[in-house]
Amino acid sequence: MRAVVFHDFGGPLAVEQLADPSPTADGVVIAVEATGLCRSDWHGWRGHDDDIRSLPHVPGHELAGSVVEVGRDVSRGWLGHRVTIPFVAGCGACPECNASQPQVCDHQYQPGFTGWGSYAELVAVRYAEANLVALPDSMTSITAASLGCRLATAYRAVAHQAKVNPGEWVAIHGCGGVGLSAVMVAGALGTRVIAVDVRDEPLAKARQLGAEHTLNAREVDDIPSAIRELTGRGAHASFDTLGHRATMRNSILSLRKRGRHVQVGLLAGDDLDPPTPWGRVIGWELELLGSHGMATAAYPELFAHIAAGRIDPTGLLDRTLTLDEAPAALASLDDYHGCGVAVIEP
């Protein structure tokens, strides 16, 4: 198969010819029809993710395609089915999985991180029976790949972790793929959305997706004060979808009393353990929550919103790429100036 490979963290990315994968006993091989280009893959390539423990490595974790081979413990009924899979695949047997929380599984499998990923013509994934999600016939593979970790992660963060209610104020700090997805989800659930970024282009996209207000952090000196002024008392729920000490702090300080902060963006490098305004957290009884992927069982709920037209993943699609274009596109993600989601078609 052809696949994007790196042999050193931060080193050259190139398309190479590799041996076709074989399924593990509990896994399947998927012929990749589309895979999302995600900043998490950039972090993996740069060496920011401890789950990548051996090199060379193939990135990619937002995928859709058809099952072409199954392991001995997997039903042959999956053969030929178009599927996707959460970027965090639970083992199905640990206490977390038994509690219906596979996104924090003790033994989780992550394509593109704990194993080779989907920037390839073929990808092998584990824990298939517990994690494969059959795609509706009406959903294209490009749409399914654009759900990826971004829309699925945003859906869990907004609907399941923050548990937003119609009419609540929601602040979203960072309008990349996850942030714009969160804008879309929060709007679909009836909240009043304030989107924050440092660039006008994604803020304009946020307004198209339903944001009631937008704030450019390069032009507004005090984002938390601006959000409190717009809302009267502060946001009911606020999300750092970028992963930066400044956006995390702004998100927390944007909240009203007893508000909920959800950390979605990966904090890495110099931002790994940022200072937290604990005095405000304690005095105002704020909730600080993390969000990491979405369980397989929640996909039908998300699919129902898409089928009803409340959420349109194609509204986030910015560009499509070939596999040969993927290495340069991945390497340039830290300096990417577009907005929305890019999808690779191997």
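Numbers here simply count residues along the sequence, with the first being 1. Computation of the quantities below employed the complete heavy-atom set of this structure, encompassing side-chain atoms and omitting hydrogens, waters and symmetry-equivalent molecules.
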I'd like to know if the side chain of [X] and the backbone of [Y] have a donor-acceptor N/O pair within less than 3.5 Å.
{"X": "Asp197", "Y": "Gly174", "result": "no"}
{"X": "Asp41", "Y": "Pro59", "result": "no"}
{"X": "Asn131", "Y": "Gly90", "result": "yes"}
{"X": "Thr247", "Y": "His244", "result": "yes"}
{"X": "Thr276", "Y": "Trp278", "result": "no"}
{"X": "Trp45", "Y": "Gly11", "result": "yes"}
{"X": "Arg46", "Y": "Ala331", "result": "no"}

Beyond-backbone contact of [X] with [Y], side-chain heavy atoms, under 4.5 angstrom:
{"X": "Phe303", "Y": "Pro136", "value": "yes"}
{"X": "Ser75", "Y": "Glu129", "value": "yes"}
{"X": "Glu62", "Y": "Ser118", "value": "no"}
{"X": "Val88", "Y": "Phe113", "value": "no"}
{"X": "Asp271", "Y": "Arg245", "value": "yes"}
{"X": "Cys105", "Y": "Cys91", "value": "yes"}
{"X": "Leu302", "Y": "Met294", "value": "yes"}
{"X": "His43", "Y": "Leu266", "value": "yes"}

Legend entry - Gln108, Gln263, Gln161 screened by side chain to side chain contact (heavy atoms under 4.5 Å, CB included) with His292, the one that passes: Gln108
Legend entry - Test side chain to side chain contact (heavy atoms under 4.5 Å, CB included) applied to Pro313 and Thr140, Ile142, Val341, Leu151, the passing residue: Leu151
Shortest non-hydrogen contact from [X] toward [Y]:
{"X": "Arg310", "Y": "Ala304", "value": "NH2-O, 3.8 Å"}
{"X": "Val68", "Y": "Ala31", "value": "CG1-CB, 3.8 Å"}
{"X": "Gly315", "Y": "Leu209", "value": "O-CD2, 4.3 Å"}
{"X": "Ile306", "Y": "Met139", "value": "CD1-CE, 4.0 Å"}
{"X": "Ser40", "Y": "His61", "value": "CB-CE1, 3.8 Å"}
{"X": "Val183", "Y": "Ala195", "value": "CG2-CB, 4.2 Å"}

Inset, instruction - Check the pair Tyr155, His160 against side-chain hydrogen bond (donor to acceptor under 3.5 Å, both in side chains), reporting the backbone distance first and the verdict last. - result: CA-CA 7 Å; Tyr155 188 81; His160 295 174; 4.9 Å; no
Linking I/L/V/M/F/W/Y whenever their side-chain heavy atoms sit closer than 4.5 Å, directly or via other members, would [X] and [Y] fall into one cluster?
{"X": "Leu316", "Y": "Val178", "value": "yes"}
{"X": "Leu180", "Y": "Val170", "value": "yes"}
{"X": "Val164", "Y": "Val264", "value": "yes"}
{"X": "Leu242", "Y": "Leu288", "value": "no"}
{"X": "Leu37", "Y": "Leu317", "value": "no"}

Legend entry - Thr322 and Asp324 side chains, donor-acceptor separation under 3.5 Å: no
Legend entry - Check: Glu33/Ser66 side-chain N/O donor and acceptor closer than 3.5 Å: yes
Inset, instruction - Report the C-alpha distance between Thr314 and Ser146 in whole Å, list the side-chain angles of each, state the deciding distance to 0.1 Å, and finish with yes or no for side-chain contact (heavy atoms from CB on, under 4.5 Å). - result: CA-CA 8 Å; Thr314 63; Ser146 68; 6.0 Å; no
Inset, instruction - Quick one: do Val198 and Arg218 satisfy side-chain contact (heavy atoms from CB on, under 4.5 Å)? Show the steps, please. - result: CA-CA 5 Å; Val198 296; Arg218 292 196 187 279; 3.7 Å; yes
Inset, instruction - Please go through Leu215's hydrophobic cluster and name the other residues, only I, L, V, M, F, W, Y counting, with side-chain heavy atoms under 4.5 Å joining them. - result: Trp169, Ile194, Val196, Val220, Ile223, Ile227, Leu230
Inset, instruction - If you link ILVMFWY side chains whenever their heavy atoms are less than 4.5 Å apart, which other residues fall into the same cluster as Val32? By chain and number, please. - result: Val28, Ile30, Leu63, Val67, Val70, Val74, Trp78, Leu79, Val83, Ile85, Tyr109, Val123, Val125, Tyr127, Leu132
Inset, instruction - Could you walk me through whether Phe9 and His57 pass ring pair (Phe, Tyr, Trp, His ring centres under 6.0 Å), step by step? - result: CA-CA 9 Å; Phe9 291 119; His57 188 74; 8.1 Å; no
Please round to the nearest 0.5 Å and tell me the distance separating atom [atom1] of [X] and atom [atom2] of [Y].
{"X": "Met184", "Y": "Gln208", "atom1": "CE", "atom2": "CD", "value": "10.5 Å"}
{"X": "Gln110", "Y": "Cys149", "atom1": "CD", "atom2": "SG", "value": "10.0 Å"}
{"X": "Ser291", "Y": "Phe239", "atom1": "OG", "atom2": "CZ", "value": "8.5 Å"}
{"X": "Asp106", "Y": "Glu96", "atom1": "CG", "atom2": "CD", "value": "4.5 Å"}
{"X": "Thr35", "Y": "Tyr119", "atom1": "OG1", "atom2": "OH", "value": "6.0 Å"}
{"X": "His261", "Y": "Ser251", "atom1": "NE2", "atom2": "OG", "value": "4.5 Å"}

Answer yes or no: is there an ion pair linking [X] with [Y], defined by an N-O contact shorter than 4.0 Å?
{"X": "Arg2", "Y": "Glu16", "value": "no"}
{"X": "Asp240", "Y": "Arg249", "value": "no"}
{"X": "Arg260", "Y": "Glu168", "value": "yes"}

Inset, instruction - Start with the C-alpha distance between Leu135 and Arg82, add both sets of side-chain angles, then the distance that settles side-chain contact (heavy atoms from CB on, under 4.5 Å), and finish with yes or no. - result: CA-CA 6 Å; Leu135 295 176; Arg82 293 175 57 250; 3.8 Å; yes
Inset, instruction - Give the intermediate values and the outcome of side-chain hydrogen bond (donor to acceptor under 3.5 Å, both in side chains) for residues Ser238 and His173. - result: CA-CA 8 Å; Ser238 189; His173 301 259; 3.0 Å; yes
Inset, instruction - Given side-chain hydrogen bond (donor to acceptor under 3.5 Å, both in side chains), test Arg207 with Thr214 step by step and report yes or no. - result: CA-CA 7 Å; Arg207 288 191 292 272; Thr214 57; 2.7 Å; yes
Inset, instruction - Please indicate whether Glu229 has more than 12 foreign heavy atoms, meaning atoms of other residues, nucleotides or ligands, lying under 6.0 Å from its CD. - result: no
Inset, instruction - Report the C-alpha separation of Val281 and Glu287 in whole Å, then their side-chain angles, then the decisive distance to 0.1 Å, and conclude whether the side-chain contact (heavy atoms from CB on, under 4.5 Å) test is met. - result: CA-CA 7 Å; Val281 172; Glu287 295 182 58; over 6 Å; no
